Amino acid sequence: MTFAFMVVLGLIVLIPVLAIVIDSPLSEALARRIGNTDSGTNQSARIDALEQEVQYLTQAVEGIREETAFVRALVEGDEALPALPARDAGRPAGSDAGNDAER
């Protein structure tokens with residue numbers, strides 16, 4: 001076998017192997033990483049947006065905690081909860097007719 005034949009045989013084997021490697025998800029991720037030339041301002045804007053989202057989610061979780069604590073106290077019959085005001089006997093349930101004048 002001559003050197004030229006070995007080179008040609010090597011290229012024949014190398015081309016499909018390179019095609020498989022280039023088409024792999026690893027190479028696509030590497031290409032995205034190399035091609036990602038975001039500036040520092042774009043990244044800082046993304047960080048600011050993420051911080052705002054975390055702050056919003058923190059507030060939402062705190063609200064859910066408060067609601068859960070209130071419902072748990074209702075279910076357990078906690079005596080520390082304030083009692084509901086008594087309904088007027090002459091007014092039907094769900095009627096807001098008397099409340100309009102008070103507002």
Side-chain angles (χ1 to χ4, degrees):
M1 295 179 117
T2 66
F3 181 72
F5 181 73
M6 295 294 282
V7 169
V8 170
L9 186 60
L11 287 175
I12 291 173
V13 171
L14 186 63
I15 289 173
V17 170
L18 281 176
I20 292 170
V21 169
I22 289 174
D23 195 33
S24 71
L26 180 62
S27 63
E28 291 174 13
L30 182 61
R32 272 195 305 266
R33 177 68 64 132
I34 291 172
N36 190 4
T37 57
D38 287 340
S39 64
T41 58
N42 189 15
Q43 288 181 351
S44 66
R46 289 176 60 195
I47 290 172
D48 290 341
L50 285 173
E51 287 175 348
Q52 290 174 356
E53 187 68 21
V54 167
Q55 182 180 11
Y56 169 76
L57 291 174
T58 302
Q59 291 171 352
V61 167
E62 185 61 32
I64 290 171
R65 282 185 184 149
E66 291 174 2
E67 292 171 6
T68 303
F70 178 75
V71 170
R72 179 177 289 144
L74 281 177
V75 169
E76 293 175 353
D78 191 358
E79 300 299 325
L81 290 174
L84 292 175
R87 184 174 56 118
D88 291 338
R91 199 172 80 202
S95 172
D96 288 337
N99 290 342
D100 289 339
E102 296 173 4
R103 291 183 194 167

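Please read these numbers as outputs of a predicted model, since none were measured by experiment.
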### Message
Could you check whether atom CG of Leu57 has more than 12 heavy atoms from other residues, nucleotides or ligands sitting under 6.0 Å from it?
### Response
yes
### Query
Hey, any chance Leu11 and Phe3 share a hydrophobic cluster, counting ILVMFWY side chains that come within less than 4.5 Å of each other, even indirectly?
yes
### Summary
Separation between CD1 (Ile22) and CD (Glu28), nearest 0.5 Å, reads 11.0 Å
### Task
Report the distance from atom OG1 of Thr58 to atom CD of Glu53, rounding to the nearest 0.5 Å.
10.0 Å
#### Entry: Partners passing side chain to side chain contact (heavy atoms under 4.5 Å, CB included) against Glu66 (at least two apart in sequence or in another chain)
Glu62
### Query
With Ser27, which residues qualify under side chain to side chain contact (heavy atoms under 4.5 Å, CB included), at least two apart?
Ser24
#### Entry: Which residues share a salt bridge (charged side-chain N to carboxylate O under 4.0 Å, His left out) with Glu67, sequence neighbours left out
none
